[in-house]
Chemist: 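If you scroll down you'll find the structure; I have some questions about it.
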Amino acid sequence: MTVGENIKRIRKEKGMTQKALGKLCNPSVSESTIRKYELGLLNPKLETIRKIAKALNVDIWEIIEFNSFDIDNEMDFEPGNGKATFADLPPEIETVISLLSKEYGFVCPDSVVNNGVEVRYFIVGLKDFERFVLYYDDVKKIADIMIKSTQPILGSLVENMKDCRPVDEIVNEIFKELEND
C-alpha cells in the first residue's frame with residue numbers, strides 16, 4: 001500500500017473525515033491536500049507524515065510502509081522478539097529508511113533482545129531472495145555519510161534555490177496559494 005492509501009485506510013478506521021484529520025494536524029493541513037495525498041496526486045514530506053501519524057495516533061511506520069497486508073501476504077520471515085516500533089528514530093534515520101523503502105519496496109524495523117541487550121535492525125526487501133538486513137548502526141553510518149557528502153555542496157544548492165524576497169511577502173504568497181487549494 002502507498003502512503004496515501006495507508007492514510008486513507010487509517011483515517012477511515014478512526015471514523016475521521018479528511019477535514020477533521022487536516023485540522024488535527026499541527027499546523028493544520030487543508031482538506032484538499034489530505035485528499036491529494038490519499039489519491040496519490042501529492043506525496044507528503046516526512047515531517048507532514050509525522051504530523052498526520054500524530055493526528056491519527058499511530059506510529060509513523062503504519063503510514064510509511066509497515067502494514068499487515070505486506071507482512072501476511074508478501075513476507076515469509078520470523079520476526080525477532082523485540083518491540084521494533086523505533087518510534088524514537090532521529091529524522092536523519094527516517095530519511096534513510098524512506099529512501100530504502102522507495103528503492104527496495106519494504107523496510108521493517110525489528111529487534112532481538114537477549115539477556116537485557118537489544119540489537120536493532122531493519123529487514124529490507126519484499127521477496128525472500130531479495131531480502132536483507134541492515135543493522136541500526138549501519139543505517140546511522142549511511143545517514144552520517146549522506147550528511148557529510150551533502151555539506152560541501154549545500155551552499156551552492158541553497159544559493160540556487162533561496163528566495164530573497166521579504167519573508168512577509170513570501171508567507172502571504174504561500175497563504176494565498178493554500179487558500180486556493
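Remember, it's a predicted structure, so these values are computed and weren't measured experimentally.
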Chemist: May I ask you to test the V107-I123 pair for a side-chain heavy-atom distance under 4.5 Å?
Modeler: no
Chemist: Could you state the interatomic distance from OG1 (T95) to CD1 (I142), rounded to the nearest 0.5 Å?
Modeler: 12.5 Å
Chemist: So does E159 have more than 12 non-hydrogen atoms from other groups sitting under 6.0 Å from CD?
Modeler: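 No, because the 6.0 Å sphere around CD of E159 holds 12 heavy atoms or fewer from other groups.
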Chemist: Hey, which of V3, L21, N43, T48 is the one that makes side chain to side chain contact (heavy atoms under 4.5 Å, CB included) with Y37?
Modeler: T48
Chemist: Determine yes or no for a side-chain-to-main-chain donor-acceptor pair under 3.5 angstrom, with T150 supplying the side chain and M146 the backbone.
Modeler: yes
Chemist: Just wondering, do V124 and R131 contact through their side chains at under 4.5 Å, heavy atoms?
Modeler: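 When only atoms from C-beta onward are counted, V124 and R131 do not touch, as no gap falls below 4.5 Å.
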Chemist: Using the rule given for side chain to side chain contact (heavy atoms under 4.5 Å, CB included), can you reason through L178 versus S30, listing the C-alpha separation, both sets of side-chain angles and the distance that settles it, and then say yes or no?
Modeler: CA-CA 8 Å; L178 290 174; S30 72; 5.5 Å; no
Chemist: Which hydrophobic side chains are connected to V171, either touching it within the sub-4.5 Å cutoff or through other members that do?
Modeler: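 Cluster partners of V171: V167.
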Chemist: Could you pull out the closest heavy-atom pair between I7 and E38, with the gap in Å?
Modeler: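 Nearest pair, atom of I7 first, then E38: CG2-OE2, 3.9 Å.
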Chemist: Please name the pair of heavy atoms, one in E94 and one in L89, separated by the smallest distance, quoted to 0.1 Å.
Modeler: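 Result for this residue pair: OE2-O, 3.5 Å.
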Chemist: Is it the case that atom NZ in K12 sees more than 12 heavy atoms from other parts of the structure closer than 6.0 Å?
Modeler: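 Atom NZ in K12 is not crowded, with 12 or fewer foreign heavy atoms closer than 6.0 Å.
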Chemist: Counting only heavy atoms from other residues, nucleotides and ligands, does the tally under 6.0 Å from CG of N160 exceed 12?
Modeler: yes
Chemist: May I ask you to decide whether D144 forms a salt bridge with K148, counting only side-chain N to carboxylate O separations under 4.0 Å?
Modeler: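 Looking at D144 and K148, the cut-off is not met.
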Chemist: Can you find a pair of side-chain heavy atoms, one from L134 and one from Y121, that are under 4.5 Å apart?
Modeler: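 Side-chain contact under 4.5 Å: no.
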Chemist: Distance from S98 atom OG to I93 atom CD1, nearest 0.5 Å?
Modeler: 13.0 Å
Chemist: Rounded to the nearest 0.5 Å, what separates atom NZ in K8 from atom CG in N6?
Modeler: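 Nearest 0.5 Å value for the NZ-CG distance: 12.0 Å.
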Chemist: Quick check: does any side chain N or O of R11 sit under 3.5 Å from a backbone N or O of M16, one acting as donor and the other as acceptor?
Modeler: yes
Chemist: With the threshold set at 4.0 Å, does a side-chain nitrogen-carboxylate oxygen contact exist between E31 and K23?
Modeler: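 Answer for the salt bridge query: no.
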Chemist: Would a single hydrophobic cluster contain both V139 and L99, if residues Ile, Leu, Val, Met, Phe, Trp and Tyr are joined by side-chain heavy-atom contacts under 4.5 Å?
Modeler: yes
Chemist: Parallel, tilted or perpendicular, judged at 30° and 60°: which one describes the rings of Y136 and F122?
Modeler: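 Aromatic pair Y136/F122 classed parallel.
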Chemist: For D168, is there any backbone N or O sitting under 3.5 Å from a side-chain donor or acceptor partner on N172?
Modeler: yes
Chemist: I need the I170 CD1 to C164 SG distance, nearest 0.5 Å.
Modeler: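 One finds 8.0 Å between CD1 of I170 and SG of C164.
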Chemist: Tell me whether the count of non-hydrogen atoms from other residues, nucleotides or ligands lying under 6.0 Å of NZ in K51 goes above 12.
Modeler: yes
Chemist: To the nearest 0.5 Å, what is the distance between CG (L39) and OG (S32)?
Modeler: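 Spacing of CG (L39) from OG (S32) equals 11.0 Å.
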Chemist: For I153, is there any backbone N or O sitting under 3.5 Å from a side-chain donor or acceptor partner on S156?
Modeler: yes
Chemist: Look up atom CG in L24 and atom NZ in K14, then write down how far apart they are to the nearest 0.5 Å.
Modeler: 11.0 Å
Chemist: Linking I/L/V/M/F/W/Y whenever any side-chain heavy atoms sit under 4.5 Å apart, do I147 and I145 land together?
Modeler: no
Chemist: Is a donor on one side and an acceptor on the other found under 3.5 Å between the side chain of E5 and the backbone of T2?
Modeler: yes
Chemist: For T33 and V29, indicate whether the former's side chain and the latter's backbone hold a donor-acceptor pair under 3.5 Å.
Modeler: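 Checked: no pair found.
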